[in-house]
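Every value quoted in this text rests on a predicted model; they were computed, and no experiment measured them. Note on naming: letters A, B, ... go to the chains in the order of the sequence lines (proteins, then strands), and numbering restarts at 1 for each one.
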There are 4 protein chains.
Amino acid sequence: MVTAMHSSTERSGRTGRPRSVEADAAILGATRDALVELGWSKLTLGDVATRAGVAKTTLYRRWAGKNELVVDAVAVLFDELELPDLGSLAADVEDVVLQFARLLERPETRTALMAVVSESTRDDALRARIRSSIVERQKRLVLEGRQRAQERGELPVQSDDEAAARTADLIFDVVAGAVVHRSLVSAEPVDRAWAASFVRLLLNGLTHV
Amino acid sequence: MVTAMHSSTERSGRTGRPRSVEADAAILGATRDALVELGWSKLTLGDVATRAGVAKTTLYRRWAGKNELVVDAVAVLFDELELPDLGSLAADVEDVVLQFARLLERPETRTALMAVVSESTRDDALRARIRSSIVERQKRLVLEGRQRAQERGELPVQSDDEAAARTADLIFDVVAGAVVHRSLVSAEPVDRAWAASFVRLLLNGLTHV
Amino acid sequence: MVTAMHSSTERSGRTGRPRSVEADAAILGATRDALVELGWSKLTLGDVATRAGVAKTTLYRRWAGKNELVVDAVAVLFDELELPDLGSLAADVEDVVLQFARLLERPETRTALMAVVSESTRDDALRARIRSSIVERQKRLVLEGRQRAQERGELPVQSDDEAAARTADLIFDVVAGAVVHRSLVSAEPVDRAWAASFVRLLLNGLTHV
Amino acid sequence: MVTAMHSSTERSGRTGRPRSVEADAAILGATRDALVELGWSKLTLGDVATRAGVAKTTLYRRWAGKNELVVDAVAVLFDELELPDLGSLAADVEDVVLQFARLLERPETRTALMAVVSESTRDDALRARIRSSIVERQKRLVLEGRQRAQERGELPVQSDDEAAARTADLIFDVVAGAVVHRSLVSAEPVDRAWAASFVRLLLNGLTHV
DNA sequence: CCTTAAGCGAGACGGTACGTCGCGTCTTACG
DNA sequence: CGTAAGACGCGACGTACCGTCTCGCTTAAGG
C-alpha cells in the first residue's frame, strides 16, 4: 500500500473533528473512475468530489491539486506488477513486459501517466512525488529479476554496488521506456511477438541478433 | 520541411481572400515561445494569438485546438536531429542519443511532447498526427544508421524486408523510449557516461556486458 | 415609394460596372424575412446577405449598418396605412387605429420599430432618417382626416397655420403613442372595443365621458 | 421599493454561502452608470461586472441576460414619479407629464426603455417582467389622480369597477404613449406648452378645443 | 474591339463580446 | 475543528458577428 503520501498518519493536534477515513479511499476511487470515463484533460476536481460524495473543500484540504491527486490515485495500480519465476530471465522479463503493457492499456494509466510526467517537467515537487510513488517503487522488479538471474547463473554478479545500481537504473529506463514508447507514442501493440524480440535484443544486443 | 500539415497546399476553392502565408509561421513561432515561457498547462491560445499578432479566430480557423497546434509547432524541432558519421555505429548512436537528450532538455519539447502524447490516448486523429509528424519522420535516423553500419560491416543485412522494418521500429522504440524515460520520468541526466553505457547495452545485450 | 434613401439616383461617375438594381429589393426583402423569423436582436447582416444571395460587401456598400437597413426595410410597410371615408371622423379614426394595430401585430414591425427608436436616442442621423422615412410621411393621415372632418363640419377650421400644424403633431403623437403603448408596452390587444373607447376619449375628452 | 425581482427573498436551502447582498445594488447601479455612458447597444455585461467590482459569473448567476438586468436597473427610476396636489386635475396631470418627460430625457431611461420593449416582443417572460416591474407599478399615478379628481368633483365616479379599470388602463396608455412618442419617436421637446395643449386635449377632447 | 474602372461573390482578417466552465478560496450552518 | 453546500473572483474557453480587406471575375461605358 501507498501510505503517508500527503499527510502524516498520526493526529497532529488533538481537538476538533477527525478527518473522515473513508473519504480518502472514496476520493481516490472516484478519481480513477473519472479518469477512465473522461481522461486526464476533462477530469475536474469538482466532478471527482461529487462522485466521491464529498465536498470540494475536503478534497483541497488533502491534496494540492489535480496532479498530486492523480499521482496518488494511479500509483497504486503499478503495485499490481509482479515478477513471476518462469525459470529463465528471458521468460521472466517477457512476462513483466506484457504485464506492464496490459497496465498501459487501461485508460486511467494510459492517460494519467504521461500527463503527470508532462506537468512534472515544470514542478519539482510533483517530479519528486512521481519518483518516490512510482518509479523508485517499481525498480524492485529489476532488482528482484537480476537477483534471481544471478542465482541461476544467467547474469554475473557485479561487485561494485554503485555500478550495480547504475546498471539497474539503466535497465529500468530501457525496459519501461521501450514499452511506454511502443504503446503510447508509436501506438503499436505490445504483443507476445514484440515482447519476445525486445527481450532478445535486451539480452543479446544488436550485434548478436 | 514540414509541409501541408493542417491544410492542403493548393487553394481548395479559387474565390475569396487567401489565407495569410506569414500567419502560420508567426503562430507556430509564438507557440514555441509561449511553451518556453509558460509550459504546456499555462499556455493559452489567446496568448499565442496575441504574441503572433493575429486574431484568436485566425488561429482557430487553422487548428482545431491546443493539441494540434502544439504538435505542429514542436514537430519541426525534431528535424534538427542529424546522424553524424563518426566512424562506428557505437559512436554514431551515442551522438544521436546525446542530441536527442539536448532536445528534450529544451522546455518547449519537454513539456509539450508528453502532454500531447497523453492527450493522444483519447484522440485518434491526434495520435495519427503525432505519428506522421514526429514518429515516422524521425525513423529516418534508425534507417540511415543501420544502412551505414551495414556498409561498414558492423551489422548483417536482413534480407526479409518486413522483418527489417520491424527491427527498425523496435530499435526506435528502445532508443527513443530509454532516453525519454531517463530524462523525463526518472528525471536523471542523460550525460556522456549514461549514453555510453546505454549504447553498450544496446549493441551487446545484458548477457554480454 | 421611398426613394433616394441611401444613394442618389443618378450615376455620380460614369465608368465602372453599375450597381445591380435587383440587389436593393432582394436585400430589403431578405431583411424583412429575417426580422420575421429572428427578430431584431438575432438578425445579422451576414445572414441577410446570404438570404439575399448577395455578398456582405455589397450590403455594406449601400447601407451603413443594421439600423439604417432596417429603417429602410420597414418604412415601406407603413405606407400601407390608408384613411378610409366612413362618413364620420370617429369611424375614420377608429379604422386607422385598427389598421395601425394590425400593422404592429406583424413581427417585423413590432420588433423593428422600437429597436430603431431605441438606437436613435444616441444617433442623430438615424433619428432624422426615422423622422423623414416614417413619422413625417405618415402625418398625412392626420392632415387628411382633419381636412375631411372640417369639410363635414365636425371640426372647426384653425386659421393660424402654425397652430394648426402643432395640433396635427399633437394628435399624431397621441394616436400613434396610445396604440403603440397599448400594443407593445402594456401588451394588451387593440380590439374594436378599445379602439372605440379611445376614439370617444380623443374626441370628447375625459370630462365629457 | 422594488423587491424580490429575480429571486425569492427567503433562503431557498439553508446550506452554502449566501449570496452577497451588496452585489445586487452594486450591479444595478453600475448598469445605470454604464447605460448613461454607453447606451443600450454598447453596454456589455462584462463591463457592468467590472464597474460593480463583481465577477461576470456572479452577474449571470442572478440575471438571465442584458434585458432582464436592464429592466431591473431601470424600473426603480420610474418610482421617482409622484402625483402632486396642485388643486386641479389639469395642473396635476400636466405636472406628471412633465416629470415623465424629464425622466425620458435621462439617457439611461431613453435608451433602455424602448430597447427592452423591443426585445419583449419576442420574449414573453421579459414582457411579463416589464409589465409587473414598470407598467402596473406606475398605474398608481392614474388611480390616485382619478381618485383625487373625483373628490374634487372634477370627474364623475364610475360605479362599474371593471369599466373603471378599463378606463384607467386607457388613460395610462394615452398619457404614457403620447409622451413617449413625442419624446422618443417624433423627437420633439415635451415642454410646458406642449404639456398644456396635451392636457387640454385629454380633458376636453378634439371637438371641444 | 479593347481598355478601364467600379461592382460583385467569396471568404480570410483583426477585433470584441458572448455565455460557460473549472479553478481554488471563502463563508455559511451543522455535527 | 471537519464537513457539505454553494457563492465568489478569476481567467480561459471556443463561438458568433462585426466591419474591413483582399482576391479573381463580371459588366458596362468610352475611347
Worksheet entry | A:Trp40 side chain near A:Glu119 side chain, heavy-atom distance below 4.5 Å |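 The answer is yes, as the side chains (C-beta and beyond) meet within the 4.5 Å cut-off.
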
Discussion item. Mind checking if A:Thr57 touches a base, just sugar-phosphate, or nothing, with heavy atoms under 4.0 Å?
Written reply: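 Touches a base.
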
Worksheet item: For the side chain of A:Lys56 and the base of E:dG24, is some donor closer than 3.5 Å to an acceptor across the two?
Response: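 Answer is yes: a donor-acceptor pair is held.
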
Below the 4.0 Å mark, does [N] have OP1 or OP2 next to a side-chain nitrogen or oxygen of [X]?
X: A:Arg61; N: F:dT3; value: yes
X: B:Thr15; N: E:dG9; value: no
X: C:Arg62; N: E:dC8; value: yes
X: C:Arg17; N: F:dA29; value: no

Send over the distance from [X] [atom1] to [N] [atom2], rounded to a whole Å.
X: A:Leu59; N: E:dG22; atom1: CG; atom2: P; value: 15 Å
X: C:Glu22; N: E:dG7; atom1: CD; atom2: P; value: 16 Å
X: C:Arg19; N: F:dT26; atom1: CZ; atom2: C1'; value: 16 Å
X: B:Ile27; N: E:dC13; atom1: CD1; atom2: C1'; value: 11 Å
X: A:Leu38; N: E:dC21; atom1: CG; atom2: C1'; value: 14 Å
X: C:Asp24; N: E:dG7; atom1: CG; atom2: P; value: 13 Å
X: B:Leu69; N: F:dC13; atom1: CG; atom2: C1'; value: 15 Å

Fill in: DNA chain F: 5'-proximal contact among B:Ala64 and C:Gly65 (nearest heavy atom)
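The residue closer to the strand's 5' end, by nearest nucleotide, is B:Ala64.
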
Below 3.5 Å, can you tabulate the donor-acceptor pairs from side chains in residues 27-35 of chain C to any protein atom, sequence neighbours excluded?
residue	atom	partner	partner atom	Å
C:Thr31	OG1	C:Ile27	O	2.7
C:Arg32	NH1	C:Ala73	O	2.7

Fill in: Rounded distance (nearest 0.5 Å) linking atom OH of A:Tyr60 with atom CG of A:Leu45
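So the gap between those two atoms works out to 4.0 Å.
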
Fill in: Residue met sooner reading DNA chain E from 5', once D:Tyr60 and C:Ser20 are mapped to nucleotides
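Its nearest nucleotide lies further toward 5', so the answer is C:Ser20.
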
Worksheet entry | Of residues 39-55 of chain B, the positions that come close to DNA chain F - non-hydrogen atoms, cut-off under 4.0 Å |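 Output list: B:Thr44, B:Leu45, B:Gly46.
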
Fill in: Main-chain N/O of B:Gly46 paired to B:Thr50 side chain as donor or acceptor, under 3.5 Å
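At least one qualifying donor-acceptor pair exists.
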
Discussion item. Strictly distance-based, threshold 3.5 Å: is any side-chain N or O of D:Thr58 a donor or acceptor partner for the main-chain N or O of D:Val54?
Written reply: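 Pair absent, no side-chain N/O of D:Thr58 close to backbone of D:Val54.
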
Worksheet item: Quick one: salt bridge (Lys or Arg N to Asp or Glu O under 4.0 Å) pairs with a partner in residues 40-59 of chain C, sequence neighbours left out?
Response: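 Qualifying pairs: C:Glu37-C:Arg51, C:Asp47-C:Arg51.
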
Item to complete: Taking all heavy atoms of A:Val116 and all of A:Ile130, pick out the closest pair and write down the distance.
Response: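 Scanning both residues, the minimum pair turns out to be O-CD1, 3.5 Å.
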
